[in-house]
Amino acid sequence: MEQVAVGKTGKPQVPSSKLRRSNWRELPYHLMILPGFLLVFIYSYIPMAGIMMAFQRYRPAKGILHSPWVGWSNFEYMLNIPGIYQVLWNTVFIALMKIIAGILVPVVVTLLLNEARVRWFQRGIQTIIYFPHFLSWIILSGILIDILSPSTGVINSLLSFFHIKPVFFLGDVKWFPYTMVLTDTWKEFGYGTIVFLAALTGINPALYEAASIDGAGRWKQTLYVTLPGMLPIIILMTVLSLGNVLNAGFDQIFNLYSAQVYPSGDIIDTLVFRIGMQDANYGVATAVGLFKSVVSLIMIGASYLLAYRFAGYKIF
Amino acid sequence: MGKAKLLVTGITVMALMFGATACAGNNNEAKSNNNAPEESKPQAGNMDPMGKYDPAITVTAVRAISDGMTFSEGESLQNNVWSRAYEKELGIKINYDWTTPTAQYDQKLNIAIASDQLPDIMKVNAAQLKRLVEDEQIEELTSFYSSTASEFTQKILSEDGGNALKSATFQDKLYALPMMGSGLGQADVLWIRADWLKNLGLDVPKTMDDLMSVAKAFTFNDPDQNGKQDTYGLGLNKDIADKDAGAYYAAAEGFFNGYGAYPNIWVDKDGELAYGSIQPEIKTALAALQSMYKDGLLDKEFGTKDPSKVNQDAVAGKVGMLYGYFWNTGAGWLQDSKIADPKADWIAVPLPSATGEPAKAQVPFAINSYYVVKKGAEHPEAAVKLLNLALEKLWGETAEPDVYNTDAEKGTALFNYALLYGEAPRKNLDAYLNVTEALKTKDPSKLNPEEKGYYDSSVKALDGDNNYFGVLNMYGEKGSLSVLEGYSKNNTLQNDLFFGAPTDGMTEHNATLQKQQLETFTQIVMGGDLNQFDRFAENWKALGGSAITKEVNEWNKSR
Amino acid sequence: MNRHNSPGRRVFLILNYTFLILLGLACLLPLINVLAISFSSSTAVNAGKVSLWPVEFNLDSYRFVVGKPEFVESFLVSVKRVLVGVPVNMVLTILVAYPLSKERGTFRFRNYYVWYFVITMLFSGGLIPWYMTIRATGILDTFWALILPAAVPIFNVILLLNFFKNIPPEIEEAARIDGSGVWQSLWRIAVPLSAPAIATLTLFCIVTHWNSWFDGLILMNNPAHYPLQTYLQTIIVNRDMSLINVADLTQWAAISDRTSRAAQVFVAMLPVMLVYPFLQKYFSQGIVMGSVKG
């Protein structure tokens with residue numbers, strides 16, 4: 001309700017009777033948001049005071065309010081870690097590829113599933129491809145090390161059947177980032193298709209009928225009805241995932257990497273983890289977190305504007 | 001996706017909270033003179049080592065619940081033989097603020113420390129101890145220790161020559177009670193398939209050259225006689241000489257020791273302390289590992305295998321030798337190999353050496369846990385009393401091991417219930433000597449219940465039950481502990497000469513230095529340029545190592 | 001439906017079906033591997049003999065899992081968490097998403113609100129302040145600590161907001177003329193018309209609640225209050241073997257056993273796998289609804 005008050009002072013130029021009427025009309029909207037607003041305020045905004053730790057040498061006994069300030073030194077520390085730029089590059093490279101694959105593959109699979117008209121088959125495949133999502137990376141690392149092994153792994157026996165030299169997916173500096181993207185996509189694409197399938201159900205069937213009457217085949221219908229129907233959600237998902245450009249997947253990489261692939265596989269989160277193993281350095285942790293947040297905000301803000309400017313979509 | 005981000009943020013932050021020490025570059029502001037004793041005037045008689053509080057007091061604590069911890073019907077952490085003894089004999093009641101499985105203890109504790117929500121008594125590691133001292137979150141215990149620690153407690157806590165207590169002392173003030181234990185238990189032995197040696201007519205390797213030829217034979221001469229070339233000589237896990245990861249099984253430390261190289265520990269070099277990882281002997285050992293890798297004597301994929309993966313290979317009969325701790329023969333590890341293939345006869349032998357002189361096995365500092373008391377706690381001396389009682393009931397003259405240590409009938413590890421714990425550094429070695437003696441005389445009457453358990457299991461193993469193979473292979477006459485006993489008797493040990501709290505330089509640089517070490521060692525073994533080692537040694541010094549060396553030597557001189 | 005497919009279309013369909021079957025297999029095999037491990041003897045598993053079929057078949061690990069009070073307890077905590085947490089999530093999501101789906105002309109403050117919520121997806125104060133806040137609100141170590149702090153899933157709000165936007169304004173306009181207010185429009189028109197989206201988001205919420213482990217670990221003071229995934233985390237993560245007491249070794253081996261881990265993982269996956277087909281049915285009902293709308 002305080003928002004109503006803010007509104008009153010915020011727009012004095014509106015005639016007061018009209019204002020009162022619209023305030024009254026918008027009141028239910030404010031009421032609807034209120035519970036969520038309060039919960040978010042308490043559990044998300046109040047803890048944000050902790051961002052101050054990025055500029056402090058945090059001392060538990062003194063608390064956030066009284067710990068000594070250290071300016072930018074936590075950020076300087078972060079930037080002075082040897083090899084930090086390679087690590088930054090690895091992070092962005094792996095994360096971007098994951099974002100692209102994480103949109104592209106589910107969309108294609110959704111379209112293909114949409115073409116498989118046999119109901120039980122469609123539903124069966126949907127259910128199955130979504131299994132891997134439930135396996136944690138801890139379990140998967142065990143399975144993957146087995147099947148990706150160059151000497152005994154299933155994948156490499158398959159490759160050697162086609163006379164391809166065995167690939168050390170997890171131990172080769174060249175291959176490691178791609179292996180990460182591939183396995184992550186494998187794990188998550190089924191889950192990703194759920195959103196797109198739901199979007200598909202929202203497309204008005206009348207549009208297909210109209211296209212069919214106009215003589216459009218399945219391919220043309222896909223191109224001119226299905227895809228445009230999914231476009232808003234595709235743009236939305238892309239924009240939302242752009243906030244992840246610095247999240248290359250800690251759980252996955254931490255469980256699958258090894259010293260031999262550090263040059264291409266070490267990412268910000270794993271580096272910070274190793275620093276943290278010996279040093280509960282909250283200042284640097286918060287600084288890294290803040291850095292990642294700012295980058296995400298810029299990415300999301302930029303893509304929001306781009307989507308609005310060029311495609312006319314307002315994504316939220 | 002947004003959620004994934006939050007989760008990852010959570011994990012990252014959590015990651016930062018594992019293990020720990022103070023931030024780099026701070027001034028040491030540990031408060032000097034004058035603290036707690038005046039604030040809380042102890043009641044008369046409370047400084048008496050075994051004196052009882054009347055009325056009873058309540059102290060708060062937190063603790064890890066280990067997987068093996070089980071309770072009898074009707075008992076719990078709040079109600080068991082130990083909690084009753086605390087209350088009856090000392091008038092101390094313990095309330096637990098929180099409990100957690102062992103694996104998560106460090107994280108929970110770090111959160112408690114960071115949010116300054118500490119219990120009266122808690123167990124911490126060396127890095128946490130240092131941070132707590134610097135941030136003035138814990139009570140100084142000097143006076144409480146000197147007045148309240150029983151003679152027996154003082155004896156056990158200084159049995160290692162006083163190093164344990166020194167490691168808990170900051171600027172001449174004692175801040176913690178070290179949890180006593182044995183460092184020797186973390187020295188490597190060489191595990192080897194005796195049945196394979198026999199098949200090929202080979203002897204136990206004494207020198208590194210022997211080890212090479214055995215490894216070669218184990219790889220190419222079909223030691224398991226199945227007509228297939230499906231074995232390799234030496235099992236190694238991916239974390240080469242990484243003391244925080246797989247140092248306990250299929251490790252490389254023992255191999256390095258064979259060349260007089262001591263990674264990760266501080267050694268004496270012309271009267272100064274020097275870091276083992278950058279000494280030239282390491283290069284020799286790396287060259288040897290490199291040629292073994294090239295010749296196929298190591299698993300080509302060792303770089304992705306953690307200890308349990310290597311153990312799978314061992315159980316599958318693919319590995320003939322590996323370095324590791326004395327308990328590697330236990331259930332879940334090499335014992336499974338025996339069960340899978342009764343012919344598999346794993347024996348423990350002393351480390352082979354390059355020179356023919358006995359190799360010195362490296363021994364890390366024994367103490368990795370400390371008990372501390374929150375600043376402002378009402379009864380800091382209560383912690384000392386709890387330790388007095390525990391050590392007395394477990395190992396003292398009036399000890400009742402069957403009541404307080406192990407319930408032999410049910411196999412319950414009762415000592416687990418005690419809040420403060422410690423054992424004499426020689427406990428396992430003594431058990432080995434006693435059990436072996438009893439097996440010879442067939443008279444177990446002199447054994448304590450814990451040893452009796454080992455004895456019974458060993459007898460079953462001798463009767464052919466492979467489910468107890470592991471115990472016999474530790475405590476029996478030729479068990480792995482006999483190798484450690486040999487190290488101890490012949491003094492073929494290389495102790496870590498630095499055992500203070502982590503220095504500022506260590507907390508600032510260790511993570512990156514460790515990474516470079518692991519990366520360099522791994523790449524050299526897998527066929528990289530051997531001269532990378534020299535670059536690593538130079539870099540190590542340049543990136544903070546020199547400063548650390550200076551700090552360590554200052555520490556050494558100030559002792 | 002025209003049944004006479006062109007030859008090109010037939011080739012496409014055959015390829016498509018083959019491809020989808022392969023895709024399904026690629027996703028299914030690891031699961032079968034876990035299942036096979038859970039039914040095999042531990043020696044066979046440790047020797048690496050188990051791939052897709054149990055070796056030395058036995059039910060020991062399942063007996064072990066069901067007989068483990070911690071597992072059963074935490075399973076119940078998780079069930080309760082889903083039963084309470086998901087409705088809370090969904091009601092709040094709908095309540096927040098609906099006003100925000102309105103244009104600025106209808107709801108002048110929507111943009112401020114939208115950014116108010118979106119910012120929380122990007123910025124966080126970190127673990128310690130979060131923990132201290134939850135402690136300060138007095139719900140630490142209670143069931144509500146698993147529900148309230150994450151009660152508003154912003155990501156889901158944004159998805160739902162976009163579905164609400166797609167509802168033609170004329171429908172609500174018509175209803176308003178018939179005299180129904182904002183609340184009625186929400187429950188009688190917007191929610192039913194977004195059924196597929198709401199089913200999807202419900203599934204997301206179920207999965208999130210079911211799979212969360214980190215909050216349980218940090219916010220609960222007693223392992224007996226842990227939700228299932230937190231408990232699983234404690235038995236699956238690598239332990240620090242260097243500190244283990246020799247006396248614990250035998251028991252440790254029984255628990256660390258890969259077979260019982262596999263069994264617990266499988267049992268833990270089961271409920272969500274069972275719920276999914278039902279919600280999936282709801283997706284197709286959404287199609288029917290859509291055609292009615294058209």
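Just so it is clear: chains get the letters A, B, ... in the order the sequence lines come, proteins before strands, and each one is counted from 1. Everything quoted here is computed from the prediction, not taken from an experiment.
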* To do: Identify which part of A:Leu207 has an atom lying under 4.5 Å from any heavy atom of chain C, answering side chain, backbone, both or neither.
  => neither
* Asked: Is C:Glu103 atom CD crowded by more than 12 heavy atoms from other residues, nucleotides or ligands, each under 6.0 Å away?
  -> no
* To do: Name the region of C:Leu15, side chain, backbone, both or neither, that has any atom closer than 4.5 Å to a heavy atom of chain A.
  => neither
* To do: Could you look at C:Ile21 and say if it's the side chain, the backbone, both or neither that has a heavy atom under 4.5 Å from chain A?
  => both
* Asked: Would a line drawn from the ring center of A:His30 to the ring center of C:Phe109 be shorter than 6.0 Å?
  -> yes
* **Verdict with supporting geometry, C:Thr120 and A:Tyr43, side chain to side chain donor-acceptor pair (under 3.5 Å)** => CA-CA 10 Å; C:Thr120 63; A:Tyr43 292 111; over 6 Å; no
* Sort C:Ala136 into side chain, backbone, both or neither according to what part of it lies under 4.5 angstrom from a heavy atom of chain A. => neither
* Asked: What residue in C:Leu161, C:Asn211, C:Leu100, C:Ile158 has the most heavy-atom pairs under 4.5 Å with chain A?
  -> C:Ile158
* Over 12 non-hydrogen atoms of neighbours within 6.0 angstrom of CH2 in A:Trp219 -> no
* Partner chain A: residue of C:Trp210, C:Trp183, C:Phe19 with the largest heavy-atom pair count (under 4.5 Å) -> C:Trp183
* Asked: Checking heavy atoms, do the side chain of C:Val118, its backbone, both or neither come under 4.5 Å from chain A?
  -> side chain
* Structure fact -> Turns out that what part of C:Ile134 lies under 4.5 Å from chain A's heavy atoms comes down to both
* Structure fact -> Applying a strict 4.5 Å limit to non-hydrogen atoms, the region of C:Val114 in contact with chain A is side chain
* **C:Val157 versus chain A, the contacting section by heavy-atom distance below 4.5 Å** => neither
* Asked: What are the two closest non-hydrogen atoms of C:Val152 and C:Asn89, and how far apart are they?
  -> N-ND2, 4.5 Å
* Asked: Name the one of A:Val108, A:Val105, A:Thr110 that satisfies side chain to side chain contact (heavy atoms under 4.5 Å, CB included) with A:Phe189?
  -> A:Val105
* **Aromatic plane relationship, C:Trp130 with C:Phe214 - under 30° parallel, 30 to 60° tilted, over 60° perpendicular** => parallel
* Measuring heavy-atom distances to chain C, does A:Met52 have an atom under 4.5 Å in its side chain, in its backbone, in both, or in neither? -> neither
* To do: Tell me, out of C:Thr106, C:Val91, C:Leu159, who's got the most heavy-atom pairs with chain A below 4.5 Å.
  => C:Thr106
* List in chain and number order the residues that pass salt bridge (Lys or Arg N to Asp or Glu O under 4.0 Å) with C:Lys102, two or more places apart in sequence or in another chain; answer none if no residue qualifies. => C:Glu172
* Considering only heavy atoms, which portion of A:Ile129 lies under 4.5 Å from any heavy atom of chain C: side chain, backbone, both, or neither? -> both
* Pairs of heavy atoms under 4.5 Å with chain C: top-ranked of A:Phe41, A:Tyr58, A:Trp186 -> A:Trp186
* Which bit of A:Ala116 is near chain C, if near means a heavy-atom gap under 4.5 Å: side chain, backbone, both or neither? -> both
* Asked: Who wins among C:Gly181, C:Pro149, C:Ala26 for the most heavy-atom pairs under 4.5 Å with chain A?
  -> C:Pro149
* Under 4.5 Å from any heavy atom of chain A - which part of C:Leu201 -> neither
* Do you know which of C:Ile154, C:Val207, C:Val96 has the most heavy-atom pairs under 4.5 Å to chain A? -> C:Val207
* Asked: Considering only heavy atoms from C-beta outward, does the side chain of C:Leu20 approach that of A:Gln122 to under 4.5 Å?
  -> no
* To do: Please report the shortest heavy-atom distance between A:Gly50 and A:Thr286, naming the atom on each side.
  => O-CG2, 3.6 Å
* Asked: Is it true that A:Glu115 and C:Arg9 make a salt bridge, defined as a side-chain N closer than 4.0 Å to a carboxylate O?
  -> yes
* Under 4.5 Å from any heavy atom of chain C - which part of A:Leu39 -> side chain
* Asked: Mind checking whether A:Tyr29 and C:Tyr113 have ring centres under 6.0 Å apart?
  -> no
* Checking heavy atoms, do the side chain of A:Ile233, its backbone, both or neither come under 4.5 Å from chain C? -> side chain
* Asked: Closest heavy-atom contact between C:Ile119 and A:Leu297?
  -> CD1-CD1, 4.2 Å
* chain A contact via C:Tyr116 - side chain, backbone, both or neither, heavy atoms under 4.5 Å -> both
* **chain C contact via A:Ile64 - side chain, backbone, both or neither, heavy atoms under 4.5 Å** => side chain
* Is a side-chain donor or acceptor of A:Ser296 paired with a backbone partner of A:Gly243 at a separation under 3.5 angstrom? -> yes
* Asked: Given a strict heavy-atom distance threshold of 4.5 Å, which part of C:Trp115 is in contact with chain A: side chain, backbone, both, or neither?
  -> both
* Asked: Given a strict heavy-atom distance threshold of 4.5 Å, which part of C:Leu92 is in contact with chain A: side chain, backbone, both, or neither?
  -> side chain
* To do: Mind listing the closest non-hydrogen atom pair of C:Ala190 and C:Tyr98 along with its distance?
  => CB-CE1, 3.7 Å
* Structure fact -> Cut-off 4.5 Å, heavy atoms of chain A, and the answer for C:Ser101 is neither
